[in-house]
Amino acid sequence: MRTRIQTIILICALALPFFAVKASAQQHTVISGVVTDAADKDPIPYVTVLFKGTNIITKTDADGKYSISTSEVHDQLQFSYVGYKSNYATVKPGETQVVNIRLQSESQSLTEVVISSNKRPAYRNKNNPAVELIRKVIENKNKNQSKSYDHVEYKQYEQLVFSLSNLSDKFKNKRIFRNYQFLFEQQDSTKIGGKLLLPVYMEEKVTQNYLQKNPGKKKTIVVGDKHVNYDSKFIDTEGLTKYFERMYADINIYDGNISLMSNQFLSPIADASPTFYKFFITDTIKTHTPNLIELSFIPRNNTDLLFEGKMYITMDGNYAVQDAFLTVNKNINLNFVRALEAKLDFAKNEDGRYHLSKTNLIVDFGINKNKGGGFTGQRTVVINDYQINKPQGDTTYAGPSLVTTPQAGLRSDQFWNEQRQDTSVRSKLRIYKNIDTLQTIPSFKRTMDMVTLLFAGYKDFGPFEAGPVNTFYSFNNVEGFRLRLGGRTTPALSKRYYFETYAAYGFKDEKWKYFLSGTYSLNNKSIYAFPQNYIRGSFQRDTKIPGQELQFVQEDNFLLSFKRGENDMLLYNDFYKIDYVKEFENHFSYAVSFRKWTQRPGGTLFFNNTLNNTVNPVDLINTSELSVNLRYAPNEKFYQGKIYRVPIFDKYPIFNLRYTAGLKGVFGGQYNYQNLMGSIDKRFYVSQLGYTDVTVEGGYIFGKVPFPLLDIHRANQTYAYQLNSYNLMNFLEFVSDHYASINIDHNFNGFFFNKIPLIKKLKLRESVSFKALWGGLRDQNNPNYDASLLQFPRNAAGEQTTFVLGSQPYMEGSVGIGNIFKLLRVDLVKRFNYLDNPVVSQWGIRARVKFDF
């Protein structure tokens, strides 16, 4: 009996620790899991997880995973993240368990903030605690930016992915994709872009960045660069990169204006934001250290270029942004944008302030805002290794502000795997292989060939391409119907040597025109790629309208065949030219050229002088010219097309300076003269009032020359509105040997139309312009004072049609309505003076096709 009792006691003694441990475990709650997006199932990093009503808190990691525990008795977890609806989960106290949560995006819930009252009060800035809070944020924003530190350095990883979006099953099941279903990506239909995507482009970049406050310096070193490579004869990948950089610029919420899609959006913490936004305090988060205020904002006018969304403001006296979620109203006056979301995450510095640690921007584009296929672009930026007040030597900032290491484009897979720390960027990587496969599909090649012909105007035949097709046919009053055929070689023939040619024939003047050039690349790069460095020799025999200067358009473009007024004077020119062009990485360039130029009059234009009271016809004039052109365009970006560059306009100025010397006696040159011309182009952004493009130009000719060598001011007799020409001036109407001009074109981006009921639904945009030209002619170049000079042209009625500007400038202005059908701008143009000249119009209507967001 005693032995039995002892056995029972022993068993109880051995079991006691087990029961004690079990009891203890029942009192300790351990929960882990993953938080994902309910739409696309992607993990959400940095989600706030806490036991409801407590200070027991954690955040998900970069993979959306979390773990939280407590020895207290709590049965509910709360999950919160900016841009998502808070979610709650019931848990079992005292147990170890896995709780996975999906958060719903609340991007659609910000259009209207609900006020808990039977009657919604009128919104006022005065005595509004939300406005008082945003003014505190504005007051402290300078100290909460990176530029407030003496020194900052960080590493940045960025990824940009573009996809065909909102595709239908019918599109996916087309015959050309029958064997390539792996190209498509399925996602939840509620996510931006719809349920079916076809990724078509991706790029990744890793940079090391250094900033210094005093003196102000910035250095960006590109240490890794990887992107999808298309066949260069179809798509210029480098040009796409520059264009996307402009559309998807870095978002700094502390800036007064945020640049997106080539437009400027007023930041919700700009100095003027209380004038254009409504602010609401929608939550107070006391479980975060420091405490946060959730501040929601919406535009006062939902068609203006403004955001709506939420910010979380720290209540530690710094009033810094700890997280932000930005989107736009569905009624915004923004073309082709169906949806936009930007999420900004901030991390705490060692001094308690915050810096931007991650940006995720998604924009969905489409012709129709409600249906149909489109494009979706997503740019993710992750900032790591953020350090403050760590001085760097002068050698760090030496040289250009942006440099690319030689190894940037040659990085290994291991390098890129180490950079992709955020799991949300890893899911896109198969696009590299998919695009390589896509380019092997014959039907894809045929499609891209047609697209290239349509947009670039060239048909590719391997080593040679024919075009541009829009110049194959045109007409004018002197040449009649004009047919032209030409083309040029491609890098497929040679990366060093390039040839271009065309031949044209006018059926009325019965004359052939032709052009031939040969170019040698000195840097073993395409002569169409930046930076250019080449030497070219060419000969051209063709016509030109005096005073018609076109940008990015061929003179014999079919659409320019339609002109107003009298248009029967032109020149037959022979050009022998040698050009040398050198561009530098800092966007400074120079060009040196020698030209032998022969001009012959055509149509009703004649060269005559008067000697011994006798009118003497002159068959031609010969000149030999040496020119030097200097150009500086800091931070310039452009899309490189097939035959020209399309500048991506920004706030940076462009400087041009040209010197030309006429050489008498050299290759038959008849005149000695010097021509000096300079210009400055600059865009000024005026926040919500739009932007202004300003061009200031001037020139001076030294020496005695006939009128064809004077500055023949840019005129326009077409029905197209030309920004850099005088749209109600006739060809060859004014000449000068010294002049100055200013051209101002302001676009309001719908600022006024957006405030007018009904009209604002049309998404129209207002513009105004003003142009003034001062000029003159010294007596030595005026044929009215020197009969040996070529006389000014006259029309068939014997009236003089070329004039000298007097004491007052030539002036014209216009008011325009833009964004008609999202593409068309129509201007009512008024000419203010010199109305007594023959065949001039005081008023005119001009139109311009302008693709803009």
Side-chain angles (χ1 to χ4, degrees), residues 262 545-553 629 631-633 636 638 646-658 675-686 689-700 710-736 738-749 765-776 803 805-806 808-818 825-834 840-850 852:
S262 302
I545 299 174
Q548 177 170 272
E549 298 290 341
L550 304 172
Q551 286 190 316
F552 318 125
V553 181
N629 290 269
R631 184 177 187 272
Y632 181 49
E636 181 181 38
F638 45 78
V646 179
I648 303 172
F649 291 108
D650 209 337
K651 60 184 179 181
Y652 303 103
I654 299 175
F655 303 91
N656 286 282
L657 182 64
R658 184 185 68 214
N675 189 340
L676 187 65
M677 188 280 290
S679 67
I680 303 174
D681 298 88
K682 178 77 169 72
R683 170 167 288 186
F684 297 90
Y685 287 98
V686 202
L689 289 174
Y691 60 88
T692 305
D693 290 325
V694 178
T695 299
V696 178
E697 184 180 309
Y700 198 97
L710 296 172
D711 287 312
I712 302 174
H713 298 297
R714 292 186 293 270
N716 175 29
Q717 286 187 221
T718 71
Y719 294 98
Y721 184 84
Q722 295 179 8
L723 292 174
N724 295 307
S725 298
Y726 301 97
N727 289 283
L728 290 179
M729 183 186 290
N730 293 330
F731 295 135
L732 201 51
E733 184 177 356
F734 292 102
V735 295
S736 301
H738 58 281
Y739 74 95
S741 67
I742 186 168
N743 180 354
I744 303 172
D745 186 74
H746 184 81
N747 290 264
F748 288 99
N749 277 341
R765 300 172 184 173
E766 328 83 339
S767 61
V768 294
S769 72
F770 176 75
K771 301 174 183 178
L773 170 67
W774 294 263
F803 303 92
L805 289 162
Q808 60 177 316
Y810 171 90
M811 294 182 293
E812 68 176 42
S814 72
V815 293
I817 299 177
R825 166 177 164 175
V826 177
D827 279 70
L828 176 64
V829 189
K830 176 175 173 57
R831 175 168 167 162
F832 295 108
N833 51 7
Y834 296 99
V840 300
S841 301
Q842 184 176 356
W843 297 90
I845 295 178
R846 303 289 178 266
R848 177 173 180 249
V849 175
K850 183 185 180 185
D852 202 354

TODO: Tell me, please, which residues at least two apart from E812 pass salt bridge (Lys or Arg N to Asp or Glu O under 4.0 Å).
DONE: none
- [ ] Please name all residues satisfying salt bridge (Lys or Arg N to Asp or Glu O under 4.0 Å) with D681, sequence neighbours left out, ordered by chain then number.
- [x]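 D681: no salt bridge (Lys or Arg N to Asp or Glu O under 4.0 Å) contacts found.
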- [ ] Supply the atom-to-atom distance L676 CG to L657 CG, rounded to the nearest 0.5 angstrom.
- [x]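 The CG atom of L676 sits 5.5 Å away from the CG atom of L657.
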Task: OG on S725 to CZ on F731, rounded to 0.5 Å - done: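 Separation between the atoms: 8.0 Å.
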Min side-chain heavy-atom separation [X]-[Y] under 4.5 Å:
{"X": "T692", "Y": "I744", "value": "yes"}
{"X": "K830", "Y": "S814", "value": "no"}
{"X": "H713", "Y": "L773", "value": "yes"}
{"X": "Q717", "Y": "N727", "value": "no"}
{"X": "S767", "Y": "D827", "value": "yes"}

Open item on the list: A quick test of your reading: do over 12 heavy atoms of other residues, nucleotides or ligands sit less than 6.0 Å from CG of L828?
Closed with: yes
For [X], what residues pass the side chain to side chain contact (heavy atoms under 4.5 Å, CB included) criterion, not counting sequence neighbours?
{"X": "Y685", "answer": "R246, Q264, D650, K651, R683, Y691"}
{"X": "L723", "answer": "Y721, D745, R825, R848"}
{"X": "A633", "answer": "R631, E636, I654"}
{"X": "V768", "answer": "H746, F748, V815"}

Looking only at heavy atoms, what is the nearest atom pair of [X] and [Y], with distance?
{"X": "N724", "Y": "R714", "result": "O-NE, 2.8 Å"}
{"X": "A715", "Y": "Q722", "result": "O-OE1, 4.5 Å"}
{"X": "R765", "Y": "N749", "result": "CG-C, 3.8 Å"}

Open item on the list: Please enumerate all residues that pass ring-ring contact (aromatic ring centres under 6.0 Å, His included) together with Y700, with sequence neighbours excluded.
Closed with: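 Checked Y700 against ring-ring contact (aromatic ring centres under 6.0 Å, His included); matches are F702, H738.
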Task: ring-ring contact (aromatic ring centres under 6.0 Å, His included) partners for Y726, two or more places apart - done: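 Only Y810 meet the ring-ring contact (aromatic ring centres under 6.0 Å, His included) criterion with Y726.
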Task: Q808: side chain to side chain donor-acceptor pair (under 3.5 Å) partners, not counting sequence neighbours - done: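 Here the qualifying residues are N833.
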TODO: Applying side chain to side chain donor-acceptor pair (under 3.5 Å), name anything that partners N656, two or more places apart in sequence or on another chain.
DONE: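 None.
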TODO: Would you sort out whether W774 and L805 count as a side-chain contact (heavy atoms from CB on, under 4.5 Å), showing the intermediate values?
DONE: CA-CA 7 Å; W774 294 263; L805 289 162; over 6 Å; no
Open item on the list: Suppose the criterion is salt bridge (charged side-chain N to carboxylate O under 4.0 Å, His left out): which pairs have a residue in residues 715-735, not counting sequence neighbours?
Closed with: E733-R831
Open item on the list: Test side-chain contact (heavy atoms from CB on, under 4.5 Å) on M677 and E697; report intermediate values, then the result.
Closed with: CA-CA 8 Å; M677 188 280 290; E697 184 180 309; 4.0 Å; yes
- [ ] Kindly indicate, with the supporting measurements, whether the criterion side-chain contact (heavy atoms from CB on, under 4.5 Å) is fulfilled by L728 and V840.
- [x] CA-CA 7 Å; L728 290 179; V840 300; over 6 Å; no
TODO: Could you please spell out the steps behind the side-chain contact (heavy atoms from CB on, under 4.5 Å) verdict for R846 and V826?
DONE: CA-CA 6 Å; R846 303 289 178 266; V826 177; over 6 Å; no
